[in-house]
Amino acid sequence: MIKAIVIDDEPLARTIVLEYISAYPDMQVVAECNDGFEGVKAIQEHKPDLIFLDIQMPKINGFEMLELLDERPAVIFTTAFDEYALKAFEVHATDYLLKPFTKERFDAAITKWKNVRPAQSATDDLLETIAMQPTQNQRVVVKLKDKIKIIPFHEIHYLEAEGDYVMIHTQEGRYLKNKTMSFFEKNLDPTTFNRCHRSYIVNLTQITRIEVYDKDNHVAILRSGAKVPVSRNGYGKLKEMLGI
């Protein structure tokens, strides 16, 4: 039996998907979710084979919800999203249903999924591509033990490499995100954030002064009192950006 979850903030849209699924005796809907928060919990609890996921939802969107999952099920997106995203779906072989969609189009998506079963890497690549959109790269969503936190980029003081993760430092605390430093370097505003060290990216608005650490290195002192290492190469770029 194929376990499926429907995640959409529009009740009518969920009803249509549920009606179409009812024609498939080998598919069981194990949960119906109104937003991405509910979706994360339901996926962790039921471990579905397939989810039908809306993109434009309140709180967190469908892409942000997927980023919070350690193991992602197969996804068929249900969306009224823009042309850029639709091209991204096609490039990464990830299927989508453009609202409003017919029963015939729904059946075609199910047939494609059953025959192809795209690897999780296709969804991973899609998320990386979508993250480059200006509408996407204004905040980061992180999962804590029992809740989800949304961090606007301007609230980030600095980022620190932590193995395969990045530690995000803010006034409220520290949060791990399963992304690379290169990802953040590409997506953060280059006029505000600077890769001052191989393992650090700093928010320029938080710097109060720069001090000598040793012969070839410096340290940036932030408003919070935190000290961020600055490499020799990073120091030159930092001086230029700060106008000092």
Side-chain angles (χ1 to χ4, degrees), residues 1-137 141 143 148:
M1 182 67 70
I2 298 168
K3 295 191 296 182
I5 291 178
V6 180
I7 306 168
D8 197 311
D9 65 304
E10 300 175 10
L12 178 58
R14 294 199 305 272
T15 299
I16 291 172
V17 174
L18 291 170
E19 178 184 339
Y20 291 167
I21 291 176
S22 66
Y24 292 85
D26 61 341
M27 190 175 296
Q28 176 189 8
V29 177
V30 294
E32 180 183 345
C33 305
N34 186 57
D35 57 49
F37 288 1
E38 293 180 6
V40 169
K41 293 179 181 178
I43 291 169
Q44 290 175 332
E45 178 181 353
H46 297 285
K47 302 189 183 307
D49 303 295
L50 176 65
I51 62 174
F52 297 87
L53 178 63
D54 187 22
I55 294 173
Q56 294 169 305
M57 296 185 291
K59 300 179 181 177
I60 60 173
N61 64 42
F63 299 130
E64 291 170 331
M65 190 211 79
L66 289 174
E67 283 192 355
L68 297 172
L69 301 173
D70 296 325
E71 296 183 11
R72 301 186 187 109
V75 185
I76 294 178
F77 292 94
T78 59
T79 178
F81 219 56
D82 61 34
E83 184 179 355
Y84 178 95
L86 300 186
K87 289 181 179 178
F89 294 151
E90 293 165 359
V91 167
H92 297 294
T94 307
D95 209 356
Y96 64 92
L97 297 169
L98 185 61
K99 295 178 180 178
F101 49 85
T102 64
K103 176 67 162 56
E104 289 73 23
R105 179 65 184 88
F106 181 88
D107 291 341
I110 296 297
T111 299
K112 176 181 176 182
W113 174 72
K114 287 185 174 182
N115 291 336
V116 178
R117 299 287 178 107
Q120 178 172 317
S121 58
T123 302
D124 295 344
D125 292 343
L126 171 67
L127 294 180
E128 289 290 324
T129 301
I130 293 296
M132 302 300 178
Q133 289 191 91
T135 54
Q136 283 292 115
N137 61 4
V141 179
K143 182 177 63 176
I148 293 168

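It should be emphasised that the depicted structure is a prediction, and the values quoted were computed from it without experimental measurement.
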Spatial distance of atom CD (Q44) from atom CG (D70) [nearest 0.5 Å]: 7.5 Å
K41 atom NZ: more than 12 heavy-atom contacts under 6.0 Å: no
Main-chain N/O of N61 paired with E64 side-chain donor or acceptor, under 3.5 Å: yes
Which atom of I148 lies closest to which atom of L68, heavy atoms considered: CD1-CD1, 3.6 Å
Gap separating the CG atom of D54 from the CG atom of D9, nearest 0.5 angstrom: 5.5 Å
Rounded distance (nearest 0.5 Å) linking atom OG1 of T78 with atom CG of D8: 4.5 Å
Heavy-atom closest pair, residues K3 and H46: NZ-O, 2.6 Å
Residue pair M65 / I51, side-chain heavy-atom distance below 4.5 Å: yes
For the student: nearest non-hydrogen atoms of M57 and G36, plus distance: CE-N, 3.9 Å
Rounded distance [0.5 Å steps], CD1 in I16 versus CG in L97: 11.0 Å
Stepwise side chain to side chain contact (heavy atoms under 4.5 Å, CB included) test for I60 and D35: CA-CA 8 Å; I60 60 173; D35 57 49; over 6 Å; no
Check: K59 side chain, F37 main-chain N or O, donor-acceptor pair, under 3.5 Å: no
Between CG on residue L50 and CD1 on residue I110, distance to nearest 0.5 Å: 5.5 Å
Ring geometry between F106 and F101 (parallel below 30°, tilted from 30 to 60°, perpendicular above 60°): parallel
Separation between CD1 of I43 and CD of E38, rounded to the nearest 0.5 Å: 11.5 Å
Closest non-hydrogen atom pair, G39 against I7: CA-CD1, 3.8 Å
Pair up each side-chain donor or acceptor in residues 21-28 with any protein partner under 3.5 Å, not counting sequence neighbours, and list the distances.
{"unit_1": "S22", "atom_1": "OG", "unit_2": "E19", "atom_2": "O", "d": "2.4"}
{"unit_1": "Y24", "atom_1": "OH", "unit_2": "D107", "atom_2": "OD1", "d": "2.5"}
{"unit_1": "D26", "atom_1": "OD2", "unit_2": "K114", "atom_2": "NZ", "d": "2.8"}

Distance-minimising heavy-atom pair for P48 and I5: CG-CD1, 3.6 Å
R105 to Y96 - nearest heavy-atom pair and separation: NH2-O, 2.8 Å
